[in-house]
Number of protein chains: 4
Amino acid sequence: MTVRDNSIEPSQKRKKLQKIGVFTSGGDAPGMNAAVRAVTRAALANKLKVVGIRRGYQGMIEGDFIPLKSNDVSGILQLGGTMLKTARSAEFRTPEGREKAYKQLKKAEIDAVVVIGGDGSFTGALVMSQEYDFPFIGIPGTIDNDIYGTDYTIGYDTALNTVVQAVDKIKDTARSHGRIFFVEVMGREAGLLALNSGIACGAEVILIPEAKGDHDQLNKFLEKGYKSKETSGIIMVAEGDEAGGAIQIAERVRKEHPDLDVRVSILGHIQRGGSPTAKDRVNATKMGVAAVDALLDDQKSIMIGLDNEKIVHVPFNKAVKLNHSIDTNLMDIQKLLNT
Amino acid sequence: MTVRDNSIEPSQKRKKLQKIGVFTSGGDAPGMNAAVRAVTRAALANKLKVVGIRRGYQGMIEGDFIPLKSNDVSGILQLGGTMLKTARSAEFRTPEGREKAYKQLKKAEIDAVVVIGGDGSFTGALVMSQEYDFPFIGIPGTIDNDIYGTDYTIGYDTALNTVVQAVDKIKDTARSHGRIFFVEVMGREAGLLALNSGIACGAEVILIPEAKGDHDQLNKFLEKGYKSKETSGIIMVAEGDEAGGAIQIAERVRKEHPDLDVRVSILGHIQRGGSPTAKDRVNATKMGVAAVDALLDDQKSIMIGLDNEKIVHVPFNKAVKLNHSIDTNLMDIQKLLNT
Amino acid sequence: MTVRDNSIEPSQKRKKLQKIGVFTSGGDAPGMNAAVRAVTRAALANKLKVVGIRRGYQGMIEGDFIPLKSNDVSGILQLGGTMLKTARSAEFRTPEGREKAYKQLKKAEIDAVVVIGGDGSFTGALVMSQEYDFPFIGIPGTIDNDIYGTDYTIGYDTALNTVVQAVDKIKDTARSHGRIFFVEVMGREAGLLALNSGIACGAEVILIPEAKGDHDQLNKFLEKGYKSKETSGIIMVAEGDEAGGAIQIAERVRKEHPDLDVRVSILGHIQRGGSPTAKDRVNATKMGVAAVDALLDDQKSIMIGLDNEKIVHVPFNKAVKLNHSIDTNLMDIQKLLNT
Amino acid sequence: MTVRDNSIEPSQKRKKLQKIGVFTSGGDAPGMNAAVRAVTRAALANKLKVVGIRRGYQGMIEGDFIPLKSNDVSGILQLGGTMLKTARSAEFRTPEGREKAYKQLKKAEIDAVVVIGGDGSFTGALVMSQEYDFPFIGIPGTIDNDIYGTDYTIGYDTALNTVVQAVDKIKDTARSHGRIFFVEVMGREAGLLALNSGIACGAEVILIPEAKGDHDQLNKFLEKGYKSKETSGIIMVAEGDEAGGAIQIAERVRKEHPDLDVRVSILGHIQRGGSPTAKDRVNATKMGVAAVDALLDDQKSIMIGLDNEKIVHVPFNKAVKLNHSIDTNLMDIQKLLNT
């Protein structure tokens with residue numbers, strides 16, 4: 001992938017692509033703003049006009065558009081959230097909704113759109129693209145890092161570090177009191193965040209949907225716990241664990257081990273926000289530029305991905321939700337170091 | 001208050017005070033380690049021996065003592081939690097428990113003790129001091145900042161900043177999605193933390209036990225909310241609010257306003273941990289030195305307090321739990337800026 | 001000080017005060033944005049119009065004005081720097097410059113101005129106020145905390161915490177290598193920041209303009225240093241120390257003690273930026289509201305100050321640069337704990 | 001690579017490997033403690049004894065050894081620096097020094113050693129390994145990320161984020177004052193840190209040793225700068241840039257453009273410290289376990305590396321200093337977005 005040389009733009013392509021839209025969709029993720037900035041500036045540098053579509057597909061339906069100049073995306077690189085806002089849209093799931101959306105794009109003379117979001121957002125783009133022959137390019141933005149075809153999604157690295165910093169704090173108090181904390185982190189279907197933050201924080205036990213037998217490890221840890229007045233422990237729980245969330249598991253443990261001082265902490269929405277890490281900013285920037293490059297190269301219905309730090313193109317119908325097969329080496333390591 | 005000149009120590013006092021104990025008690029608070037360090041080093045500089053009593057009054061009963069040299073408190077100034085651990089002790093509430101504790105202190109030849117904790121810890125010290133004529137000096141350490149006689153307790157400033165940083169993150173996602181968040185912070189009986197963090201984060205509404213009519217403000221805000229698709233809002237809730245915690249209030253709001261996108265975040269135990277702020281470190285250090293100074297001055301049964309940045313001595317029986325009368329000016333300001 | 005009841009505004013005052021300006025001047029300080037927000041919203045709530053004057057007095061001379069509505073100051077509370085920018089203006093020091101400035105204010109129908117800055121900014125306001133009978137209210141915003149009449153200036157608490165976090169990092173590497181670091185912090189004429197950060201970080205020596213004999217302490221520490229291969233140390237240096245900055249002092253030490261591994265770190269401009277602490281946000285907000293209140297109360301030529309957490313009014317000609325007499329107790333404590 | 005099953009350890013290998021040493025060498029890097037912990041716990045779990053060698057090769061020569069149990073490495077995962085300290089040793093470069101070191105290892109019955117450091121540390125290990133047939137396994141720990149054969153070295157991710165957070169603060173003040181900042185970051189021979197932090201912070205220009213023509217970009221930016229009173233800019237400078245460091249370049253610019261407000265910030269040693277990021281903790285842990293695994297597999301003179309997240313073994317004589325050929329795509333992107 002190369003950055004386009006402005007001077008030798010083929011005249012024919014120019015006619016087709018003059019104005020692009022960009023929007024964020026689904027759950028917000030730190031680094032989305034960096035991607036919006038990169039898309040905008042890369043497009044402007046290639047003499048395209050840029051329109052920001054606010055509030056995802058719902059804003060597209062309503063024509064909630066704002067023109068974007070270089071200055072409009074100045075000073076947003078380091079901000080969490082998304083300046084374009086995001087929303088879910090039931091209406092877009094209907095043919096009528098998509099027709100309205102298409103008409104709004106046409107009316108605004110938008111020739112192509114970059115969508116920053118998760119697999120659901122790409123599915124929407126694919127459907128509309130097929131119905132109206134309209135070019136969409138996707139950028140994966142979700143803290144869950146659960147999309148097939150890319151090693152990386154925008155926001156995951158920040159969310160992981162946010163979790164780690166929160167658990168560091170909880171560990172201070174756990175150790176001071178000899179308490180056992182069940183810390184619940186995001187991951188309805190996957191334990192990626194729980195597993196990696198658990199390793200990074202030295203969690204005594206990690207409970208994730210992918211693992212069999214992790215509750216045996218919990219029981220073993222708790223049995224040992226009885227023996228010492230000074231036991232403290234961090235048990236990381238992915239919200240989608242088969243035994244329920246942290247509250248349910250803690251409740252069971254309290255019943256079985258009434259002597260232990262058991263607490264629960266659900267990290268919740270703080271995991272979504274915050275200033276993005278260096279990695280999330282750099283990768284969001286690379287992907288934003290690559291998305292514009294793909295449009296200039298006449299691509300459509302693909303997601304920009306990263307494969308071993310290199311840009312790749314993944315067809316939308318392959319960029320589906322993926323439960324990364326969990327790194328069993330990491331799980332072995334966790335047990336090895338905490339036995 | 002002056003720092004003692006080592007060279008002219010009266011020989012008579014020396015006989016009485018040769019070895020002191022120090023411990024932390026009640027909920028842990030960031031800065032307790034800084035206070036332990038200051039007590040230890042100030043005592044050593046005054047040629048006293050120092051013993052760390054682990055796990056609060058329970059450790060005192062069990063004789064869980066460790067000698068503390070200068071190096072033992074090196075590198076702890078910036079750490080959250082307490083290296084001496086802390087615990088609650090039902091046994092210490094009984095005369096038998098206190099007798100055991102006293103015997104352990106005598107056996108270890110400890111002449112006086114510095115206790116770092118909240119009002120409950122001071123009450124324990126006062127009772128034992130009266131029963132056995134044993135000198136205790138208190139240092140207020142609790143993130144609640146709810147002790148009569150001192151402007152400041154160790155840990156409050158750190159906890160406040162931790163809340164503010166967490167709410168900043170939540171605000172990123174609230175604004176991106178147009179959501180209303182009910183954020184619950186510590187404060188079972190007092191709204192100090194909720195009020196100040198609410199001002200610092202620009203919360204739309206603040207619900208605290210001390211305020212009448214704050215739910216009217218909430219209702220007014222929610223009515224306005226209906227009008228705009230872009231409403232987002234942060235509602236700070238002190239856990240002791242008369243309408244219940246954030247979960248209960250959010251549930252009611254969801255029923256009354258089914259169109260709003262309402263979320264809850266309970267910050268919980270992350271509020272206790274973390275590296276202490278500059279203020280918590282400096283004040284804990286000042287108070288630690290002042291506590292040793294008070295012992296050298298033959299004081300007992302007092303808490304070291306800060307009144308307008310100056311060290312003051314507060315008798316234990318006055319250093320009771322205080323619900324700071326809430327700063328009504330701050331509440332007026334909050335309404336003024338968010339109407 | 002009370003917040004104004006909008007409903008009973010005396011009609012006479014209304015005529016005089018309809019539109020106010022607000023600007024930031026001198027060095028930027030974290031929390032200035034919070035003050036701009038509070039001034040703007042408090043004025044709007046009192047039915048005043050608000051104009052932001054960009055780039056300090058220079059922008060005033062050039063008529064670089066922007067209207068401020070509630071939304072314009074949304075989302076700035078947590079940002080460092082100043083959205084109104086700041087600048088120095090040689091032209092404003094001339095009568096001609098001030099005449100231009102006055103004419104611009106009149107042309108824009110601005111009736112009064114709130115200036116957020118340091119003592120130099122207040123002097124400028126006082127001079128212009130006397131020449132043209134124009135009301136200015138000041139808010140102290142400078143990380144140096146060096147203004148007579150107020151315990152607190154906006155930005156100092158954030159700068160102190162920024163220094164502490166940077167020194168914590170330097171200490172990691174100092175201890176790992178057994179190095180001695182000279183860390184230079186801001187404070188051309190005063191050692192407030194160096195002294196407090198030094199206490200908060202457990203610095204071995206603190207060198208500040210106000211102290212006599214602190215270099216003896218340095219020499220004593222360095223002599224001890226020879227004895228151990230593991231010595232590491234943090235020497236905090238206020239940039240205005242009489243022996244020169246950190247570079248000069250380190251150079252001398254290297255000559256006298258060639259065996260020691262001596263390094264220098266000049267923290268520089270990172271001390272000015274960053275998201276403001278809770279304290280800086282809350283106090284900036286209180287002061288911003290108080291400034292508008294003072295204007296509504298027909299005050300002029302005063303700075304809003306804080307005296308033991310309470311709002312006070314300080315005449316401009318008293319709000320001069322102050323070298324807080326340094327807290328000798330803190331200096332004694334530092335020596336006591338590091339000997 | 002698999003984690004060893006303790007139960008089927010071949011008896012023959014057991015005889016050879018009973019006690020291992022671990023040490024850190026060269027510049028400290030955040031995450032070294034996590035690696036020490038992982039090596040220690042993985043070895044203990046495999047029934048090996050573990051000895052910490054303090055102060056690098058110098059401590060090896062002096063026999064500065066401490067036994068390491070599981071508890072000794074508890075609570076260090078999140079700390080910057082290295083608990084084993086590090087040092088440079090001229091003596092180890094002599095045959096006599098290495099002989100002393102070898103005798104100390106033999107005397108302490110250490111059978112193999114894990115060295116955490118940079119390419120220079122591996123060279124030392126290789127020489128000694130060849131002279132005395134002694135097994136060393138290396139783990140790459142250096143914030144420079146400049147070792148051939150591995151995508152990743154411990155500490156780089158933390159250093160990059162530290163730089164980004166510092167530049168964010170500098171940008172606050174740069175924008176408030178309309179200033180141009182030359183920010184110098186580590187990288188004597190390589191611009192990796194400058195390039196990535198520059199992208200992450202939206203730097204206007206990036207000056208690195210690898211780039212030709214980057215000073216043209218600087219000049220172009222400065223010419224534009226004349227036109228606007230509001231120009232601010234961040235110029236990232238790798239310390240090894242061919243035009244000198246930030247101070248020299250800024251001096252030249254001040255002469256050529258006396259109207260511009262030019263400042264310099266040298267980030268210096270804060271780049272080395274601080275609590276490691278999630279990535280540095282997880283990878284250090286993986287590598288520490290892999291190092292013990294390699295020893296158990298009878299390996300020697302190899303560095304553990306990461307290739308696309310997978311563990312690889314790199315012979316010491318290949319693990320030399322590498323100037324990663326700079327990512328020209330990133331450089332193109334930077335120019336594209338800032339023109």
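FYI, side chains are in, hydrogens and waters are out, and symmetry mates aren't considered; it's all heavy atoms of this structure. Chain A is the first sequence line, chain B the second, and so forth, proteins listed ahead of strands; every chain is numbered from 1.
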State, without any angle test, whether C/Asp261 and C/His177 hold a side-chain donor-acceptor pair at a distance under 3.5 Å.
-> no
Name the member of D/Arg88, D/Gln271, D/Gln58, D/Arg263 that forms the most heavy-atom pairs with chain C at distances under 4.5 Å.
-> D/Arg263
Answer yes if the side chains of D/Thr277 and D/Asn161 hold a donor-acceptor pair under 3.5 Å, and no otherwise.
-> no
Examine the side chains of C/Arg55 and C/Thr24 and answer whether a donor and an acceptor come within less than 3.5 Å of each other.
-> no
What residue in D/Ser265, D/Pro30, D/Gly81, D/Gly56 has the most heavy-atom pairs under 4.5 Å with chain C?
-> D/Gly81
Taking atom types as modelled, is there a side-chain donor on D/Thr158 or D/Asp280 under 3.5 Å from an acceptor on the other?
-> yes
Please work out which of the three classes, parallel, tilted or perpendicular, describes the rings of D/Phe92 and D/Tyr57, given edges at 30° and 60°.
-> parallel
Quick one: which residues of residues 167-174 of chain D reach chain C at under 4.5 angstrom, heavy atoms only?
-> D/Lys169, D/Ile170, D/Asp172, D/Thr173
Can you tell me how far CD1 of C/Ile61 sits from CD of C/Glu96, rounded to the nearest 0.5 angstrom?
-> 10.5 Å
List in chain and number order the residues that pass side chain to side chain contact (heavy atoms under 4.5 Å, CB included) with C/Ile266, two or more places apart in sequence or in another chain; answer none if no residue qualifies.
-> C/Glu184, C/Ile247, C/Val264
Identify which of D/Gly268, D/Gly274, D/Ser275 forms the greatest number of heavy-atom pairs closer than 4.5 Å to chain C.
-> D/Gly274
